[in-house]
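Okay, structure first, notes after.
Since the model is a prediction, treat every value here as computed from it, not as a measurement. Keep in mind that the numbers below use all heavy atoms, side chains included, and drop hydrogens, waters and symmetry copies.
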Amino acid sequence: MLVSKHDSHYFKTSDNVTLHYVDKGQGQAIVMIPSWTMSTVQYRHQIEALSQKYRTIAIDMRGHGESEFVDYGYKVYRFAKDVHDLLEHLLLDQVILVGHAVSATVVYCYWDLFGSHRLAKLVLVDKSAATVINSAWTLEEKTQYGAILDPQSAIDITNQLAGEEGEKYKYHFVHSLFSQTLNKEERELILAASFRVPNRESATLFYSNAHQDWRDLLPRISLPTLLIVGRASLVSVASQEWIHQQIKDSQLVVFEKEEGGNHFSFIENPKKFNRVVDDFIQGRQQRM
């Protein structure tokens with residue numbers, strides 16, 4: 001799906017950065033935030049389908065997609081403020097806020113800063129409560145929290161991304177998140193978006209995301225929340241089951257490996273993903 005000029009818009013953030021967003025359809029507003037180095041193109045299947053029923057919005061974060069490149073602000077809390085700026089700009093209320101991986105971290109940041117202001121429900125895809133391992137944690141705690149990197153590894157990856165070989169490392173890393181069955185066109189669109197973000201800014205955002213710990217925030221989330229994870233994803237189902245236990249009013253949907261259950265479930269199986277989100281918005285019982 002190509003976004004028409006009619007659906008493509010721009011606005012200024014509170015720190016004077018011009019951000020691009022797609023706004024298509026009418027009705028209940030869904031606002032989708034792309035993940036690390038991604039763009040609104042990652043949600044093209046959702047924009048095309050969900051806009052038939054809802055006002056479907058996707059934002060390019062600074063330096064991503066069609067948004068302005070600046071050399072500052074590549075922190076997850078600044079991104080959360082940018083999302084808040086968008087909701088204020090559009091005067092949106094009762095929003096369904098969707099985040100995937102790093103952008104689910106942005107949703108957590110939004111909740112930490114603004115609570116439920118302008119929000120109705122949350123959709124969180126493939127994001128654990130923590131990324132960097134605390135050596136004091138037991139094996140059970142590491143599993144529950146979903147932490148997969150020791151502190152030195154997080155720093156090493158940051159430095160690799162920021163270095164001269166950053167694009168090469170990014171290529172292999174992003175490729176590792178695909179199912180083997182994902183077609184070439186989808187892979188190339190995702191990689192093209194990722195390569196647009198320079199090495200230094202990619203590394204800064206990676207570091208900012210990796211060093212967040214959301215364990216104390218989860219029980220304070222009071223909005224209905226949908227958790228989606230792929231069985232074959234680097235984010236474990238066990239970590240999402242633990243988050244499901246922490247967020248009182250939450251639902252968990254697992255995409256099995258054979259149904260596109262990897263890191264990009266909304267691209268690999270958009271039909272099921274869109275149905276699951278629609279059921280959640282409408283308050284229908286999830287069909288596994």
Side-chain angles (χ1 to χ4, degrees), residues 1-3 8 20 22 32-50 56 58-61 63-67 69 74 98-106 123-128 131 148-149 157-158 160-203 205-206 209-210 228-237 253-277:
M1 182 203 72
L2 295 176
V3 175
S8 190
H20 168 259
V22 176
M32 301 180 292
I33 315 166
S35 189
W36 177 77
T37 71
M38 297 291 108
S39 73
T40 56
V41 72
Q42 82 167 68
Y43 290 125
R44 62 196 176 283
H45 301 300
Q46 285 65 55
I47 295 169
E48 182 176 21
L50 294 175
T56 307
I59 180 174
D60 281 328
M61 305 313 297
H64 293 62
E66 300 302 315
S67 288
F69 172 77
Y74 294 84
V98 181
H100 163 236
V102 173
S103 63
T105 294
V106 175
V123 178
L124 304 171
V125 184
D126 254 45
K127 178 59 193 171
S128 58
T131 301
I148 56 175
L149 294 178
I157 291 172
T158 299
Q160 284 180 292
L161 286 168
E164 293 182 0
E165 298 292 314
E167 285 198 2
K168 182 178 179 181
Y169 183 85
K170 187 187 290 185
Y171 175 88
H172 291 293
F173 175 68
V174 174
H175 255 282
S176 73
L177 305 176
F178 301 147
S179 296
Q180 291 184 351
T181 54
L182 185 63
N183 66 56
K184 182 180 179 181
E185 179 188 4
E186 299 282 10
R187 292 169 185 258
E188 289 180 348
L189 282 170
I190 294 170
L191 286 166
S194 186
F195 289 151
R196 184 189 187 281
V197 185
N199 292 354
R200 188 184 71 169
E201 286 70 27
S202 297
L205 182 57
F206 174 88
N209 170 71
I228 299 176
V229 67
R231 184 74 67 181
S233 173
L234 78 169
V235 177
S236 70
V237 172
V253 173
V254 179
F255 282 58
E256 298 301 333
K257 183 177 181 179
E258 61 273 14
E259 55 181 2
N262 211 316
H263 193 59
F264 293 99
S265 57
F266 49 91
I267 293 175
E268 299 204 24
N269 192 347
K271 185 175 180 179
K272 176 177 177 178
F273 186 93
N274 295 342
R275 171 179 59 76
V276 165
V277 170

Rounded to the nearest 0.5 Å, what separates atom [atom1] in [X] from atom [atom2] in [Y]?
| X | Y | atom1 | atom2 | result |
| --- | --- | --- | --- | --- |
| Ser202 | Phe173 | OG | CZ | 11.0 Å |
| Ile59 | Glu66 | CD1 | CD | 13.5 Å |
| His45 | Asn269 | NE2 | CG | 10.5 Å |
| His64 | Thr40 | NE2 | OG1 | 11.5 Å |
| Ser35 | Asp126 | OG | CG | 9.0 Å |
| Thr56 | Gln46 | OG1 | CD | 9.5 Å |

Sub-4.5 Å side-chain heavy-atom contact between [X] and [Y]:
| X | Y | result |
| --- | --- | --- |
| Val229 | Val125 | no |
| Met61 | Ile33 | yes |
| Met38 | Phe264 | yes |

query: For the ring pair His100 and His263, is the centre-to-centre distance below 6.0 Å?
result: yes
query: Side chains of Arg187 and His175: is there a donor and an acceptor less than 3.5 Å apart?
result: yes
task: Verify the distance criterion only: is there a donor paired with an acceptor across the side chains of Lys170 and Thr37 at less than 3.5 Å?
output: no
With a 3.5 Å distance limit and no angle check, can you tell me whether [X] reaches the backbone of [Y] through a side-chain donor-acceptor pair?
| X | Y | answer |
| --- | --- | --- |
| Trp36 | Ala101 | no |
| Ser179 | Asn262 | no |
| Ser233 | Val235 | yes |
| Ser39 | Gly65 | no |
| Glu256 | Gly261 | no |
| Ser67 | Asp60 | yes |
| Tyr169 | Gly163 | no |

task: Tell me, with the steps shown, if Asn199 and Leu161 meet side-chain contact (heavy atoms from CB on, under 4.5 Å).
output: CA-CA 6 Å; Asn199 292 354; Leu161 286 168; over 6 Å; no
For [X] against [Y], the heavy-atom pair lying closest together:
| X | Y | answer |
| --- | --- | --- |
| Gly99 | Tyr43 | C-OH, 4.4 Å |
| Tyr74 | Gly63 | OH-CA, 3.3 Å |
| Phe255 | Ser265 | CD2-CB, 3.9 Å |
| Pro198 | Glu201 | CB-OE1, 3.2 Å |

query: Which is it for Leu124 and Ile228 under the side-chain contact (heavy atoms from CB on, under 4.5 Å) test, yes or no, and what are the steps along the way?
result: CA-CA 6 Å; Leu124 304 171; Ile228 299 176; over 6 Å; no
Report the residues that fulfil side-chain contact (heavy atoms from CB on, under 4.5 Å) with [X], sequence neighbours left out, ordered by chain and then residue number.
| X | value |
| --- | --- |
| Ala49 | Asn274 |
| Ala162 | Ala203 |
| Thr105 | Val76, Cys109, Lys127, Asn209, Gln212, Trp214 |

- prompt: Which residues pass the salt bridge (Lys or Arg N to Asp or Glu O under 4.0 Å) test with Glu188, sequence neighbours left out?
  reply: Lys184
task: Could I get the full list of salt bridge (Lys or Arg N to Asp or Glu O under 4.0 Å) partners for Glu167, not counting sequence neighbours?
output: none
- prompt: Who pairs with Phe273 by ring pair (Phe, Tyr, Trp, His ring centres under 6.0 Å), at least two apart in sequence or on another chain?
  reply: Phe266
- prompt: Can you tell me if CZ on Phe69 sees more than 12 non-hydrogen neighbours from other groups inside 6.0 Å?
  reply: yes
- request: Check the pair Leu149, Ile157 against side-chain contact (heavy atoms from CB on, under 4.5 Å), reporting the backbone distance first and the verdict last.
  value: CA-CA 10 Å; Leu149 294 178; Ile157 291 172; 3.9 Å; yes
task: Using the side-chain contact (heavy atoms from CB on, under 4.5 Å) rule, take Gln160 and Glu165 through it: C-alpha gap first, then chi angles, then the decisive distance, then the call.
output: CA-CA 7 Å; Gln160 284 180 292; Glu165 298 292 314; over 6 Å; no
